[in-house]
Protein chains: 2
Amino acid sequence: MSQPFCFGIVGAGQLGRMLAQAGAALNARFTFLDPSDDPCGRAHGHHLKADWQDGAALAQLVSASDAITFEFENVPSDAVTTLAASRPTYPPAKALDTARDRWSEKSLFMRLGIEVPPLALVDNQADLDAGVATIGLPAVLKTRTLGYDGKGQKVLREMADVAGTFAELGNVPLILEGFIAFDHEVSVIAVRSRDGETRAWPLSRNEHRSGILHCATPLAEHPLQNVAEAAAFNVMHELDYVGVMAFEFFVVSDDAGQHRLLANEIAPRVHNSGHWSIEGAVTSQFENHLRAVANMPLGETSLLAPCAMLNIIGRMPARDAVLAVPGTRLHDYGKAPRAGRKIGHITVLAADTASLDARIAAVEALLVNDLGK
Amino acid sequence: MSQPFCFGIVGAGQLGRMLAQAGAALNARFTFLDPSDDPCGRAHGHHLKADWQDGAALAQLVSASDAITFEFENVPSDAVTTLAASRPTYPPAKALDTARDRWSEKSLFMRLGIEVPPLALVDNQADLDAGVATIGLPAVLKTRTLGYDGKGQKVLREMADVAGTFAELGNVPLILEGFIAFDHEVSVIAVRSRDGETRAWPLSRNEHRSGILHCATPLAEHPLQNVAEAAAFNVMHELDYVGVMAFEFFVVSDDAGQHRLLANEIAPRVHNSGHWSIEGAVTSQFENHLRAVANMPLGETSLLAPCAMLNIIGRMPARDAVLAVPGTRLHDYGKAPRAGRKIGHITVLAADTASLDARIAAVEALLVNDLGK
């Protein structure tokens, strides 16, 4: 037995849960900090039930851990600083701070020469009016912070949507983005080790419904793989990043039919669009995140087979019907069902893409998702 | 959240541990019965520390479980009967009884027309002398019960090895088998559901060192796949089997260079030669065993990529050196190292067999196994 490596994880939702599941083979131990009574990750580790800024709980997390990481980006900076002062803590505060704020992340993309949609910073209604005048309509107004799964967003289609909207969204800092008539959305999941080695998984094509990821499908040998990887690696290098990061892009076609990527956002953590890597890649995003944070060598990220991931949202489908579809692997997060809540996912594997498509269709026919919108 | 399925497992070693790891995604819960103080499975479930025949502990296991299974075959029949009276308990007592006794299992194979090596039942020295006269030398003398990893066996090479050997092996029931000059050893891992559906994984080629499995490599499209599957399915049908069973064979060549299988033994449980299925197959032996025992539909068993499994025995290799070999996945069972003890395994995956062979060689160069022999 190697001495077990002890991970501290801030947040004990399904991402923390799947990190712990990935760490089980490596004989790793997990301690979670989470204010919820019964977060689903606690099935696989010790749960410190406390607020993110509870000093005593942070100290307990430190003393229980060889290294610390996060399952979500909205951790108060103070807490991150406290943890990082005592233990290797990744990704670094700078990365969390950047990803928490849409303007910071977009500014970073622009500074690194990564193409973004037309943008304006909106701190008041006058900024909004000026932004609309420059960018045109339709456009999307997004809160700078705390947005996810389509929350904190409003599409502006006509001038009537503009007046008074700054107040309507709560008088909080916003950004305005030109509405992108994209062909499809992709993400690249990438990982960077403590010594700066980088790897990426194949691009994932992501289909959303009501702003929530519905299906993610890795794309073998996508022509924009290298472009996406380079953008992710540049961002990670700039942020002294350690661990897994997701980078979401819009794929747009120009007049000549050529595709290119426009950067949407990064998530400084394991990401829903990489869940297929548990079964579909040589090493999953979860295991490589742990390896990076613990300063272990990174694992190979290549695809094992055509596969896809379908989210289970709000309501569980009939378990046995799902398992009876060939090539399915069910992940039940052990969460109480609630409209709009991610409570599980299904990975579908197949020998070829035609067979994969048929299996995806069979699973989709069984889903009873409640998006709550 | 589906209602969590609660499994009871008799035995909490690495097989129980890996069953629980496989069940985590399905949100299953585990209770283990094991007399050891700190068996490695207890990291993933509730541990009832008690002897196999402790009535109170058996009752606790029943009350904690929706269905019950075993990680090893040497469970007293009484205990199995007690459990099966109250909960679905698989594999059935008949299968455990048969597999526990080499003569019972060989008799079953012969009754089903499955070819076996030349055999004789040895209950005393006179039987042994008669058996040697019929079968010839060299031959292998094996205890009828409680043998594993080459224990309880003696190779008889010349007549001087025969005299007094019955007493030397403890005056216990034995069988004598003709020594098979086999080409290689294979096993097929198969699974049978409660309603009689069967699946099998690709044959695994198994290399032993000092009687302990060293390396297991699944063989895509082996010409004897169908023969091995048919034998396994016939045995499982005959035993009303539910769950995963391993069936080991010798592959021998006849004068015309044709290969055929001689049945060696079955193991009524998940098996070391199927550990590569965790990463290398669409569904692992562990998940399908759980699905079968819990009456869920079986998962696909096809191979995802060329792969192999190497056992870690007695002493852990340098973790980071192993992880640095491309395509490796490390399984550390969390067991104290001891000569001859299985304390982990490494799965190696690759895009093609040439690359796989190079990676296996790289891992083998790092192993510091202590076989204790």
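Here the structure is a predicted model, which is why all the values come from computation and not from measurement. Residue numbers start from 1 in every chain, and the chains themselves are labelled A, B, ... in the order their sequence lines are given, proteins ahead of strands.
- Per-residue heavy-atom pair counts under 4.5 Å with chain A were compared for B:Ala350, B:Ala324, B:Ala24, and the maximum is reached by B:Ala24.
- The shortest heavy-atom contact between B:Leu304 and A:Glu279 is CD1-O, 3.9 Å.
- Side-chain contact of B:Asn27 with A:Arg319: a donor-acceptor pair under 3.5 Å is absent, judged by distance alone.
- For A:Arg315, no part sits under 4.5 Å from any heavy atom of chain B, backbone or side chain.
- For the set A:His331, A:Arg329, A:Met18, the entry with the most heavy-atom pairs within less than 4.5 Å of chain B is A:Arg329.
- Heavy atoms closer than 4.5 Å to chain B are found in the side chain of A:His44, but not in its backbone.
- B:Leu26 approaches A:Leu330 most closely through the heavy-atom pair CD2-O, 3.7 Å.
- When heavy atoms are compared at a cutoff of 4.5 Å, A:Ile312 does not approach chain B at all.
- No other option in A:Met296, A:His345, A:Arg17 has as many heavy-atom pairs under 4.5 Å with chain B as A:Met296.
- Taking both residues in full, the closest heavy atoms of A:Asp320 and B:Asn295 are given as OD2-O, 3.9 Å, listed atom of the first, atom of the second, then distance.
- Taking chain A as the reference chain and counting heavy-atom pairs below 4.5 Å, the highest number among B:Gly299, B:Gly327, B:Pro326, B:Ala305 is found for B:Gly327.
- Proximity to chain B is limited to the side chain of A:Gln21, based on heavy atoms less than 4.5 angstrom apart.
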